[in-house]
Participant: 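Could you have a look at this structure, given as structure tokens, before my questions?
One-based numbering along the sequence shown.
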Amino acid sequence: QVQLVESGGGLVQAGGSLRLSCVASGRAFSFNAVGWFRQAPGKERDFVAAVNWEGVTTTYADSVKGRFTISRENAKNTVYLQMNSLKPEDTAVYYCAARPLMLSSTREDYPTWGQGTQVTVSA
């Protein structure tokens, strides 16, 4: 069983950057795809980005393409989300999630979730 812990959230001004980390414990994390999702108050949890188990294939939501980059270091059991050119509409709780092997942009495909980290972007 994989456990996930997110960190790196905080308060940043519009145009700024943050890097989120998702650290995994448990066996076989390197064989899991990892996705980042976010949930703003009163809204659904939406897909942000995902990376496959090798770190070779990635996919992004249209709203973050060109601004966010997902990457992973399997030797450190860690997946990162580098967020640049942040906007107030990026404000949300950000969650990482894991599933075996293949990446997916569908929330229901991920059985394992972290507790989330708050990102607040001020105007």
Participant: Under the side chain to side chain donor-acceptor pair (under 3.5 Å) rule, what do Gln39 and Tyr94 come out as? Steps first, then yes or no, please.
Facilitator: CA-CA 7 Å; Gln39 188 167 20; Tyr94 282 70; over 6 Å; no
Participant: Let's go through Phe37 and Trp113 carefully: what are the C-alpha distance in whole Å and the side-chain angles of both, what is the deciding distance for ring pair (Phe, Tyr, Trp, His ring centres under 6.0 Å) to 0.1 Å, and is it a yes or a no?
Facilitator: CA-CA 10 Å; Phe37 293 77; Trp113 291 81; 5.0 Å; yes
Participant: So, does Arg72 use its side chain to make a donor-acceptor pair with the main chain of Asn52 at under 3.5 Å?
Facilitator: yes
Participant: Please examine the side chains of Ser71 and Gln82, heavy atoms only from C-beta on, and report whether any two atoms are closer than 4.5 Å.
Facilitator: no
Participant: Give the cluster check for Val64 versus Val79: same hydrophobic cluster or not, with ILVMFWY residues linked at side-chain heavy-atom distances below 4.5 Å.
Facilitator: yes
Participant: So, are Glu44 and Arg107 salt-bridged, with charged N and O less than 4.0 Å apart?
Facilitator: yes
Participant: Answer yes if Tyr110 and Trp36 sit in the same cluster of Ile, Leu, Val, Met, Phe, Trp and Tyr residues linked by side chain heavy atoms under 4.5 Å apart, and no otherwise.
Facilitator: no
Participant: May I ask you to decide whether Asp90 forms a salt bridge with Lys87, counting only side-chain N to carboxylate O separations under 4.0 Å?
Facilitator: no
Participant: Hey, what do you get for CZ (Phe68) to CG (Leu81), rounding to the nearest 0.5 Å?
Facilitator: 6.0 Å
Participant: Measure the spacing between CG of Leu11 and OG1 of Thr91 and express it to the nearest 0.5 Å.
Facilitator: 8.5 Å
Participant: Quick check for you: to the nearest 0.5 Å, what is the distance between Ile70 atom CD1 and Cys96 atom SG?
Facilitator: 9.0 Å
Participant: Hydrophobic clustering (ILVMFWY, side-chain heavy atoms < 4.5 Å, transitive) - are Val2 and Trp53 grouped together?
Facilitator: no
Participant: When you look at CD of Glu89, are more than 12 heavy atoms from neighbouring residues, nucleotides or ligands closer to it than 6.0 Å?
Facilitator: yes
Participant: Rounded to the nearest 0.5 Å, how far does NZ of Lys65 lie from OG1 of Thr58?
Facilitator: 10.0 Å
Participant: Test your reading of the model: is there a side-chain donor-acceptor pair from Thr106 to the backbone of Glu108, 3.5 Å cut-off?
Facilitator: no
Participant: Has the side chain of Arg38 got a donor or acceptor atom that lies under 3.5 Å from a matching backbone atom of Tyr95?
Facilitator: no
Participant: Please tabulate, one pair per line, all N/O donor-acceptor pairs under 3.5 Å involving side-chain atoms of residues 15-26, not counting sequence neighbours.
Facilitator:
unit_1	atom_1	unit_2	atom_2	d
Ser17	OG	Asn84	OD1	2.9
Ser25	OG	Gln3	OE1	3.1

Participant: Out of curiosity, Arg67 CZ to Tyr60 OH, how far, rounded to the nearest 0.5 Å?
Facilitator: 12.0 Å
Participant: Could you go through residues 114-123 and list every donor-acceptor pair under 3.5 Å that involves a side-chain atom there, pairing it with any protein atom two or more places apart or in another chain?
Facilitator:
unit_1	atom_1	unit_2	atom_2	d
Thr117	OG1	Gly9	N	3.2
Gln118	NE2	Ala92	O	3.4
Gln118	NE2	Thr120	OG1	3.3

Participant: Kindly compute the distance separating CG (Asn32) from CG (Leu4), expressed to the nearest 0.5 Å.
Facilitator: 8.0 Å
